[in-house]
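A short write-up of the structure that comes next.
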Amino acid sequence: AGAVPVLFPTVATEPLPPSQPGTAPQHFRHYDWLLFTSANGVRYGLEYLAGTGLALSPGTRIGVVGAATAQALEPYGLKADLVAEKSSAQGLLEALRALGPLAGQRFLLLGAEEARGELPEGLKADRAFVRQIPVYRTVLASPTPQARAELQQGFDAAVFASPSSVRGWVALAPGVVPPKVVCIGPTTAQAARECGLGVDCVADAQSASGLLEALEQVFAEV
């Protein structure tokens, strides 16, 4: 669109070892659903399963949040059975509920160590069986000197695609207040406000294209 992206990573991810209680092979049998709320969850979750030599039963369906998470399944030869229209944990919960009663169904959630409990708690409230296993964690990134130099040259807007990226920004660029702030969704916007940042626009669609549209909206109003 003619803009110049300044890449300043604030967070990174790393896998967790399969040492948490309750992750023995027998716990991976006979699940109705395998759920992912991010592309990182797909990557680390499937690598975790492959590394432990485990396989889900053939009847297990896969539910994901958003198109990007669905696309992350493709390199593994998998396809999502359910893609939530709303790209959030709440959106996935609503999509599952729309299929019918969840009571008695078994759900396996593989995701981040710091994942919010909105999805598993909602499933439990519907009397479903839920096992949530963290397979990766989010840590602070280490921006290169070149990235820091670009940041110091100035920028017109900061784009945040997750709450952790906001918190990483505050830790890595203390005192630097973005001229404009655009967030991928309401959860990220809430994190930005909690960190003392003003939010100029929240993307309607929680995706890269949604962020681009939000940026265009912000600068159209200037």
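The first residue in the sequence is number 1, and the count goes up from there.
Listed here is the closest heavy atom pair of V83 and A67: CG1-N, 4.2 Å. When all heavy atoms of A214 and C201 are compared, the closest pair comes out as CB-SG, 3.7 Å. Closest non-hydrogen pair, D32 versus G104, comes out as OD2-O, 4.4 Å. In plain terms, the two heavy atoms of G41 and S38 that are nearest each other are N-OG, 2.9 Å. Closest heavy-atom contact between V181 and G198: CB-O, 3.1 Å. Closest non-hydrogen pair, P9 versus L172, comes out as O-CD1, 3.9 Å.
For the pair T188/V202, no side-chain contact is recorded, criterion being any heavy-atom separation below 4.5 Å from C-beta on. Side-chain contact between L108 and T60: absent, with no pair of heavy atoms (C-beta onward) separated by less than 4.5 Å. A heavy-atom distance below 4.5 Å is found between the side chains of W169 and V176. Side-chain contact between R131 and Y31: present, with at least one pair of heavy atoms (C-beta onward) separated by less than 4.5 Å. Using a 4.5 Å heavy-atom threshold, the side chains of L35 and L96 count as touching. The side-chain heavy atoms of R167 and V11, taken from C-beta on, include no pair separated by under 4.5 Å.
Heavy atoms from other residues, nucleotides or ligands lying under 6.0 Å from CZ of R97 number more than 12.
L215 and V199 fall into different hydrophobic clusters, where Ile, Leu, Val, Met, Phe, Trp and Tyr are joined by side-chain heavy atoms under 4.5 Å apart, directly or via other members. Linking ILVMFWY side-chain heavy atoms closer than 4.5 Å, directly or via other members, places V42 and L49 in a single hydrophobic cluster. F8 is connected to L197 through a chain of hydrophobic side-chain contacts under 4.5 Å among Ile, Leu, Val, Met, Phe, Trp and Tyr, so both are in one cluster. Cluster membership for V130 and W33, using ILVMFWY side-chain heavy atoms within less than 4.5 angstrom, is shared. When hydrophobic clusters are built by joining Ile, Leu, Val, Met, Phe, Trp and Tyr residues whose side-chain heavy atoms come closer than 4.5 Å, directly or via intermediates, V135 is grouped together with L78.
Separation of atoms CD (Q146) and CG (L7) is listed at 12.0 Å; rounding is to 0.5 Å. In this structure, CZ on F129 lies 12.0 Å from CG on L123, to the nearest 0.5 angstrom. In this structure, the separation between CZ on F107 and CD on Q132 is 13.5 Å, given to the nearest 0.5 Å. Atoms CG and CG, on L34 and L46 in that order, are 7.0 Å from each other to the nearest 0.5 Å. The line from CD1 of I184 to CZ of F160 is 12.5 Å long, rounded to the nearest 0.5 Å. Distance check, rounded to the nearest 0.5 Å: CD of E213 to OG of S207 gives 7.0 Å.
For residues 170-190, no pair satisfies ring pair (Phe, Tyr, Trp, His ring centres under 6.0 Å), with sequence neighbours left out. Listed by first and then second residue, the side-chain hydrogen bond (donor to acceptor under 3.5 Å, both in side chains) pairs that reach into residues 63-85 come to none, sequence neighbours excluded. For residues 6-15, the side-chain hydrogen bond (donor to acceptor under 3.5 Å, both in side chains) pairs, not counting sequence neighbours, are T13-Y44, E14-R137.
Distance alone, capped at 3.5 Å, places no donor-acceptor pair between the D200 side chain and the V182 backbone. No donor-acceptor distance shorter than 3.5 angstrom exists from the side chain of T37 to the backbone of V65, with no hydrogens or angles considered. Of the possible donor and acceptor atoms, one in the side chain of R106 sits under 3.5 Å from a partner among the backbone N and O of H30.
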